[in-house]
Structures are given as structure tokens and as C-alpha cells.
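First up is the structure itself, then whatever we jot down about it.
Computation of the quantities below employed the complete heavy-atom set of this structure, encompassing side-chain atoms and omitting hydrogens, waters and symmetry-equivalent molecules. Every chain is numbered from 1, with letters handed out A, B, ... down the list of sequences.
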Amino acid sequence: MKEYLARLFEQLKNNLNYLEEVEISFNVPQNSVNGDYSTNVAMMLAKKLKRAPREIASEIVENLQIDKNILEKVEIAGAGFINFFFTPSFVAGITKTILEKGESFGRFDTYKGKKANVEFVSANPTGPLTVGHGRNAVLGDTIANLLEWIGYEVDREYYFNNAGRQMRVLGESVKARYLQLLGKEIDFKEEYYQGEYIIDIAKNLFEKHGDKLIDEPAEGIFKDEAEKEIFENIKNTLRKINIEFDTFFNEKSLYDSGKIDSVLKIFKEKKLSYEKDGATWLKLTELGQEQDKVIIKSTGEPTYRLPDIAYHSTKFERGYDLMVDIFGSDHMATYPDVLAGIEALGFDKNKVKVIIHQFVTIMENGEIIKMSTRKANFVTLDELIDEVGKDVVRYFFNMRSYSSHMNFDLTLAKKQSDENPVFYLQYAHARISSILRTVKDEGLQSSVENLELLNSESEQNLLKHLHRFPDEVFYAAVNYEPHKIANYLEQLAALFHKFYTECRIIGSEKKLAEARLALIIATQTVLKKGLSILGVSAPERM
RNA sequence: GCGCCAGUAGCUCAAUCGGAUAGAGCAACGGCCUUCUAAGCCGUAGGUUAGUGGUUCGAGUCCACUCUGGCGUACCA
């Protein structure tokens with residue numbers, strides 16, 4: 001429909017030159033009395049042309065070469081909107097398009113041949129993933145799905161650091177627990193990781209090695225074993241919600257490959273770094289930032305900035321056209337420095353898109369739980385998945401805009417998981433499957449021969465909404481907004497349920513039944529594909 | 001103090017980058033199953049979009065200030 005309108009206006013530009021002046025866009029009005037699509041060009045032009053918007057609108061409408069079989073009427077309304085109403089038979093024809101395109105309906109090859117990298121989760125292996133990581137994980141994976149839908153070849157990447165202070169403390173924590181198991185009196189310091197899982201790791205070590213490890217350094221087998229077990233645990237958790245990474249990128253490799261040194265050298269050559277108080281500083285003030293920052297501490301250890309910059313430069317060198325970083329809002333302050341560093345190295349920082357999502361607040365029994373991995377008062381993602389299931393988790397994190405804070409009432413989620421809107425969507429899908437099963441026994445088959453019979457209000461509304469699916473996918477993808485898909489699907493399910501209540505298939509006149517069957521097959525296709533973008537399953541029965 | 005994100009129905013959140021009468025779900029109340037799945041449908045009620053000004057044909061959306069909450073503001077990551 002939109003394409004038709006766009007073509008219509010393209011022709012019109014020959015007659016009305018002033019249309020070249022503005023970008024013509026078509027929107028779906030909130031209220032259907034204002035048409036299927038609407039444009040505000042007349043109002044946009046009013047100021048430039050110094051003419052009344054309604055006058056411009058009527059001039060445009062008079063000059064449109066309208067095909068009466070496609071457009072039923074064109075109206076001028078309100079302050080100067082031009083509203084378009086399509087004919088029911090044209091709308092019904094959409095079914096055919098969807099069935100013909102099938103699985104590829106809604107897919108684009110706009111970015112075919114382009115490579116994208118989506119980096120997400122990237123939690124260091126110091127403990128199990130929390131519910132907070134869950135939002136990051138689901139958001140990242142779904143954005144990756146969306147990018148694939150518009151043609152990108154996507155790599156999912158997990159960046160981690162298994163060196164440094166955090167990991168040292170982790171090793172010490174495990175060793176302390178191990179010594180406690182051997183009956184030693186140990187001061188279990190406050191800075192240690194307090195979680196139960198540390199004890200489990202220590203127990204495993206004890207079972208395998210007895211007391212032989214008593215003189216081993218904390219940074220040796222204790223740290224290594226902890227890292228291994230925790231990483232296994234993290235991967236298992238992610239697998240449960242269908243997330244698989246293509247690459248696990250170890251920060252350490254940046255040192256081994258000499259990447260850190262070479263970046264450092266470039267900064268020195270470009271005179272963007274200097275020594276002060278025994279540390280090496282990066283001249284961020286020359287790169288448009290507020291203040292200079294330390295990249296190598298006086299101890300000789302780099303801060304996170306240097307490896308992060310080096311890491312991102314490898315992404316450019318690996319040939320990505322688009323790099324998406326998914327961070328929680330606690331990383332807010334880090335990325336401008338990194339982007340400035342990248343730019344200083346001569347890379348185009350516009351190819352990096354940073355998505356900062358807001359935090360998840362967990363409520364349990366009316367109380368807010370403050371999360372900290374070290375203090376171990378977190379709720380693990382694993383527990384949540386076991387409690388409410390994969391689909392609920394994926395849907396829940398996908399249904400809200402990433403920029404809004406999220407409240408998760410655990411008590412409610414556990415008790416009332418039936419109320420989750422995800423079931424509403426899945427139910428629509430299962431209902432269609434059920435009809436198809438029943439119809440099969442009756443020997444009825446779908447047909448696109450008499451689609452014009454789909455002219456009732458609920459059929460037409462369903463059809464129009466189905467038609468918007470590709471637009472929604474594209475919009476959601478280029479804006480990195482998975483929640484648009486969730487909203488779209490909820491509306492689609494609502495329109496289907498309404499159709500289901502008002503229009504019967506079995507018992508209807510044969511031609512009508514056949515056309516309606518085609519319609520619900522198209523609906524099911526879109527539901528299924530939409531759910532697959534979100535990573536939610538589409539059950540045949542419920 | 002400064003920076004970023006937010007503040008919308010009792011609760012959780014939408015609102016197609018400034019569009020028309022601000023919408024869903026949950027919770028509340030009232031209807032609809034001898035016919036394809038009632039995890040559904042229909043209806044009622046619920047709002048000065050935190051506040052005050054401004055910009056214009058038009059503001060929940062943009063600007064300024066104020067209030068409230070979250071996250072930052074490291075030689076932690």
C-alpha cells in the first residue's frame with residue numbers, strides 16, 4: 001500500500017514541483033476513521049509556500065492519478081491531512097502476497113553482503129549471570145536477529161577478561177573456602193565473593209584433589225577451576241534461552257598478539273599520550289572529551305580503556321560494517337572515551353552503535369533487591385528461567401523499550417505467569433494450528449481464488465495489520481528496538497482473536513471458508529516469524 | 001555540583017523520531033461457551049502525560065527552569 005502511494009506521489013512531482021521540497025512520508029493513523037494511510041505533506045509545505053495547508057492538500061488530491069480498483073477514496077481532513085482509504089478487494093489481495101513469500105515475508109536484503117558484530121553479555125566469569133545480565137543477553141540476541149532480517153551477516157560476540165583484580169579475588173575466595181573445608185581457621189574477608197557457588201567450586205576441588213592443593217597459589221588452580229566452572233555455568237544458562245555465541249573474545253589475546261603495544265605506540269607517535277605521576281595518560285581533551293584519563297597505571301597495569309580501544313580496533317580490522325555494543329547503564333561513562341580513542345586511531349566511530357539499556361529492578365515480597373555479584377544477594381538468571389520458563393524470560397525482556405527502567409516483581413512473576421502476554425500470542429498461534437487440524441479432517445483446503453470475500457471489518461483489520469509486518473521489522477531493526485515487534489505481535493494476536501470470535505471457518509460457505517483459511521495461514525506465518533525474532537517458541541497446542 | 005536515562009490510568013508499560021479523540025495488559029465491576037481451544041471476546045470505570053513557562057497550524061514528544069527516582073562522574077571493569 002505504501003509503495004503504491006509512494007509511486008503515486010512520484011508521478012505527481014512532474015505536475016507539482018513543490019513536492020520536491022519536502023520528504024513525503026506516509027503514516028498509519030491511530031484512528032482508522034482517518035484512513036489506512038495518511039500524509040502531512042500539505043502542512044509541511046504550508047509554511048514554505050505561504051499558502052493554507054488545506055488549499056495545498058486539495059490541489060494535490062485533484063492532481064492524483066487514482067486507480068479506483070486500489071484506492072476507494074482520498075480525503076482531506078483536520079488541519080490538512082490527506083487520508084487514503086484502500087478498497088477491500090485490494091486489501092484482501094495481501095493474503096496472496098504473504099502466502100507466496102512465505103518464510104521470507106518481512107525479510108530484507110537491504111544490507112546484504114554487510115557484516116555486523118553484536119557484542120553483548122560480556123560478563124567476566126566471577127559468578128553466575130544475574131537477572132540484570134538477562135536483559136542484556138536477550139536484548140543483544142534479539143537485535144542480532146533483527147539485523148539478520150534486514151540482510152546483515154551477524155556475529156554474536158562475548159568479550160571477557162580472565163586476568164586482573166576481580167579474578168585474583170575470585171581465586172583467593174575459592175582458596176579460602178577450600179582451606180575452610182580442610183578445617184582451617186580462615187578470615188573470610190569482606191572483599192571476597194560471598195556466594196554459595198564459591199563453596200561448591202571449593203568442594204569439587206576437594207573431592208578431586210583432597211588436601212594436596214594446600215600450598216597451591218590462589219591464582220593457580222583455584223582461579224582456573226573457578227573460571228572454568230563458572231563459564232560452563234554461564235554458557236548453560238544462555239543455552240537455555242537459545243543464545244549461542246560465535247566468538248568468545250579473551251582480553252588476554254590483545255596482550256599476546258601485541259595489539260595493546262601497537263595501539264600504545266600509535267598514541268605515542270601521534271602525541272596523544274603523555275607521562276604524569278608515573279602513569280600514562282591519554283589526551284582525551286584533544287579528542288573532544290572533558291578530561292584526560294589514565295590508560296596505564298603507575299603500577300604498569302593498563303586500565304580498562306586501553307584494552308577496550310584495542311579490542312574495538314580489532315573489530316574494525318576484522319571487517320565489520322556495523323558494530324553494536326550492548327551495555328548496562330553502569331557503563332555509561334566508559335564508551336565516549338573508547339569511541340574517542342577509536343577515532344584517534346583513524347577508524348570511523350559512526351560504525352559503532354552503543355546501546356545503553358537501563359537496569360532491572362527486582363522486587364520480591366514488596367522489597368527491592370539490590371544486586372551485587374560480589375555480595376551474592378542477586379537473583380540468578382538460571383533460577384528465573386527455571387521458575388518461569390524460557391519463553392516468558394525472552395518475552396519479558398523484549399516487551400519493553402531498553403531505555404526505560406524495568407520493574408520485575410518476582411513474587412508476581414512466579415505466581416501469575418499465566419497472565420503474561422506471551423501466552424496471549426502463543427495462544428493465537430495454537431488456536432490456528434487447532435483449526436488447521438480440524439479442517440484437515442473435513443477435507444477443506446485454503447484457496448486464494450476468492451479473497452475478495454474477506455470484506456468484513458475484522459478480516460480487513462487483520463489483513464491491514466499483517467501487511468505492516470515488513471515495515472515493523474525494518475523499523476525495529478534500524479532503530480534497535482525489539483519491543484516494537486512485541487507490541488506489533490500483541491496487536492496482531494488481538495486482531496486474530498477478534499476475527500476468531502466473529503468469523504467462523506467450519507460451517508461457512510465453501511469459497512468463504514477457503515479464503516478465510518488462507519487468511520489464517522498467513523496470520524500464523526507472521527505470528528511464527530515474529531515470535532522467532534524474539535526467540536519465543538510458537539506452540540501447536542496449549 | 002556535573003553528565004546520561006527516566007517520571008504517562010491503582011500497578012507494569014505503549015504511543016510509528018512534532019500529528020488528529022494518549023492506548024494495552026494486570027487489578028475492579030457487568031455480560032458471552034450444545035458450533036473451529038473461554039489462556040478468548042464484548043462492555044463499564046479509571047488521565048490536568050510530575051510541575052511552571054516557552055517554541056507553532058499542532059507538544060506526552062522539542063527548549064528553559066523546578067521537583068522526584070535510577071546510573072555514572074576512579075591510577076575498578
Side-chain angles (χ1 to χ4, degrees), chain A residues 25-31 33-34 38 40 43 46-47 52-54 77-81 83 122-124 126 161 164-166 251 276-281 290-291 293-305 307-308 328-334 336 356-359 361 399-409 412 416 418-428 430-439 441-442 444 468 471-472 475-476 479 481 483-484 486-488 490-491 493-494 496-508 513 516-517 520 541-542:
Chain A
S25 66
F26 302 98
N27 291 315
V28 178
Q30 284 196 16
N31 193 328
V33 303
N34 293 319
S38 155
N40 60 353
M43 285 175 284
K47 200 159 202 183
R54 287 190 71 110
F81 291 98
N83 298 334
S122 295
N124 287 337
T126 59
N161 169 12
R165 204 186 66 88
Q166 283 181 25
E251 180 184 322
K276 197 181 98 184
D277 305 331
T280 305
W281 296 67
E290 293 264 314
Q291 46 185 324
K293 294 276 174 65
V294 169
I295 49 174
I296 298 181
K297 301 185 233 172
S298 50
T299 60
E301 271 183 292
T303 64
Y304 69 89
R305 284 182 199 92
D308 266 14
S329 61
D330 53 338
H331 282 65
M332 184 69 82
T334 73
I356 305 275
H357 64 84
Q358 297 302 311
F359 272 16
T361 307
M399 66 196 263
R400 306 301 185 204
S401 151
Y402 64 77
S403 62
S404 73
H405 299 266
M406 213 168 175
N407 259 312
F408 200 137
D409 191 326
L412 208 69
Q416 303 192 323
D418 280 11
E419 312 290 353
N420 194 299
V422 69
F423 295 110
Y424 185 75
L425 305 189
Q426 294 182 316
Y427 185 53
R431 259 187 158 174
I432 295 173
S433 293
S434 169
I435 297 171
L436 296 179
R437 281 193 298 269
T438 312
V439 146
D441 300 338
E442 310 257 328
L444 209 55
R468 284 178 208 140
D471 269 2
E472 294 286 339
Y475 186 89
N479 290 298
E481 293 186 316
H483 80 280
K484 299 276 183 195
N487 290 345
Y488 169 84
E490 278 181 43
Q491 271 185 58
F496 168 74
H497 286 308
K498 197 172 168 65
F499 160 83
Y500 179 90
T501 322
E502 291 177 9
C503 303
R504 302 198 59 77
I505 291 172
I506 295 163
S508 290
R516 283 179 175 169
L517 266 180
I520 66 164
R541 295 170 200 271
M542 281 178 78

Looking at every non-hydrogen atom in both residues, tell me the closest pair between [X] and [Y] and how far apart they are.
{"X": "A/Pro307", "Y": "A/Glu251", "result": "CG-OE2, 3.6 Å"}
{"X": "A/Asn34", "Y": "A/Pro29", "result": "O-CG, 3.2 Å"}
{"X": "A/Ala79", "Y": "A/Arg54", "result": "O-CG, 3.7 Å"}
{"X": "A/Met399", "Y": "A/Asn487", "result": "O-OD1, 4.2 Å"}
{"X": "A/Leu425", "Y": "A/Ala493", "result": "CD2-CB, 3.6 Å"}

Rounded to whole Å, please give me the gap between [atom1] in [X] and [atom2] in [N].
{"X": "A/Phe359", "N": "B/C5", "atom1": "CZ", "atom2": "P", "result": "16 Å"}
{"X": "A/Glu472", "N": "B/A15", "atom1": "CD", "atom2": "P", "result": "11 Å"}
{"X": "A/Glu502", "N": "B/C32", "atom1": "CD", "atom2": "C1'", "result": "13 Å"}
{"X": "A/Ile356", "N": "B/G70", "atom1": "CD1", "atom2": "P", "result": "19 Å"}
{"X": "A/Asp330", "N": "B/G70", "atom1": "CG", "atom2": "P", "result": "15 Å"}
{"X": "A/Asp308", "N": "B/C75", "atom1": "CG", "atom2": "P", "result": "15 Å"}
{"X": "A/Tyr488", "N": "B/A15", "atom1": "OH", "atom2": "C1'", "result": "17 Å"}
{"X": "A/Arg400", "N": "B/C26", "atom1": "CZ", "atom2": "C1'", "result": "10 Å"}

Give the nucleotide from the list [options] with an atom nearest to the side chain of [X].
{"X": "A/Met406", "options": "B/C13, B/A6, B/G3", "value": "B/C13"}
{"X": "A/Ser298", "options": "B/C75, B/C36, B/A77", "value": "B/C75"}
{"X": "A/Asn487", "options": "B/C36, B/A14, B/A39", "value": "B/A14"}
{"X": "A/Arg437", "options": "B/U37, B/U16, B/C57", "value": "B/U37"}
{"X": "A/Thr501", "options": "B/G40, B/C76, B/A77", "value": "B/G40"}
{"X": "A/Met332", "options": "B/C36, B/U73, B/C4", "value": "B/C4"}
{"X": "A/Asn161", "options": "B/A77, B/G19, B/A39", "value": "B/A77"}
{"X": "A/Glu490", "options": "B/U12, B/A24, B/U37", "value": "B/A24"}
{"X": "A/Ser403", "options": "B/U21, B/U12, B/C5", "value": "B/C5"}
{"X": "A/Arg431", "options": "B/A77, B/U37, B/C41", "value": "B/U37"}

Any base atoms under 4.0 Å from [X], or only sugar-phosphate, or nothing? Heavy atoms, all strands.
{"X": "A/Thr438", "value": "sugar-phosphate"}
{"X": "A/His483", "value": "sugar-phosphate"}
{"X": "A/Ala430", "value": "base"}
{"X": "A/Asn31", "value": "base"}
{"X": "A/Tyr304", "value": "base"}
{"X": "A/Arg541", "value": "base"}
{"X": "A/Gln30", "value": "base"}
{"X": "A/Asn83", "value": "base"}
{"X": "A/Lys484", "value": "sugar-phosphate"}
{"X": "A/Ser433", "value": "nothing"}
{"X": "A/Asn407", "value": "sugar-phosphate"}
{"X": "A/Thr334", "value": "base"}

- Task: Rounded to the nearest 0.5 Å, what's the gap from CE on A/Met542 to OG on A/Ser434? Could you check?
- Result: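 Going from the CE atom of A/Met542 to the OG atom of A/Ser434 covers 12.5 Å.
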
[N] and [M]: how far apart are their [atom1] atoms, nearest whole angstrom?
{"N": "B/U48", "M": "B/G7", "atom1": "C1'", "result": "16 Å"}
{"N": "B/C75", "M": "B/C71", "atom1": "C1'", "result": "23 Å"}
{"N": "B/A22", "M": "B/A45", "atom1": "P", "result": "15 Å"}
{"N": "B/A27", "M": "B/U66", "atom1": "P", "result": "42 Å"}
{"N": "B/A9", "M": "B/G18", "atom1": "C1'", "result": "24 Å"}
{"N": "B/G25", "M": "B/C62", "atom1": "P", "result": "27 Å"}

Does [X] contact [N] through a side-chain donor or acceptor facing the base, at a distance under 3.5 Å?
{"X": "A/Thr303", "N": "B/A77", "value": "no"}
{"X": "A/Asn40", "N": "B/G19", "value": "yes"}
{"X": "A/Asn479", "N": "B/C17", "value": "yes"}
{"X": "A/His405", "N": "B/G69", "value": "yes"}

- The glycosidic conformation of B/C32, counting syn as within 90° of 0 and anti otherwise, is anti

- Message: For the base of B/G40 and the side-chain ring of A/Tyr427, does the geometry meet a stacking cutoff of under 5.5 Å between centres and under 30° between planes?
- Response: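 No, aromatic ring not over the base.
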
- Item | Stem list, RNA chain B (Watson-Crick or G-U pairing under 3.5 Å, at least 3 consecutive pairs) |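 So far as stems of 3 or more pairs are concerned, RNA chain B shows B:1-7 with B:67-73, B:10-13 with B:23-26, B:28-32 with B:40-44, B:50-54 with B:62-66.
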
- Non-hydrogen side-chain atoms of A/Ile520 and A/Phe499 separated by less than 4.5 Å: yes

- Side-chain contact test, heavy atoms from C-beta onward, threshold under 4.5 Å: evaluate it for A/Lys484 versus A/Asn479 and give yes or no.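 A/Lys484 does not reach A/Asn479 side chain to side chain.
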
- Message: Can you confirm whether the side chains of A/Asn27 and A/Ser38 place a donor and an acceptor under 3.5 Å from each other?
- Response: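 Looking only at side-chain atoms, A/Ser38 and A/Asn27 do not form any donor-acceptor pair under 3.5 Å.
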
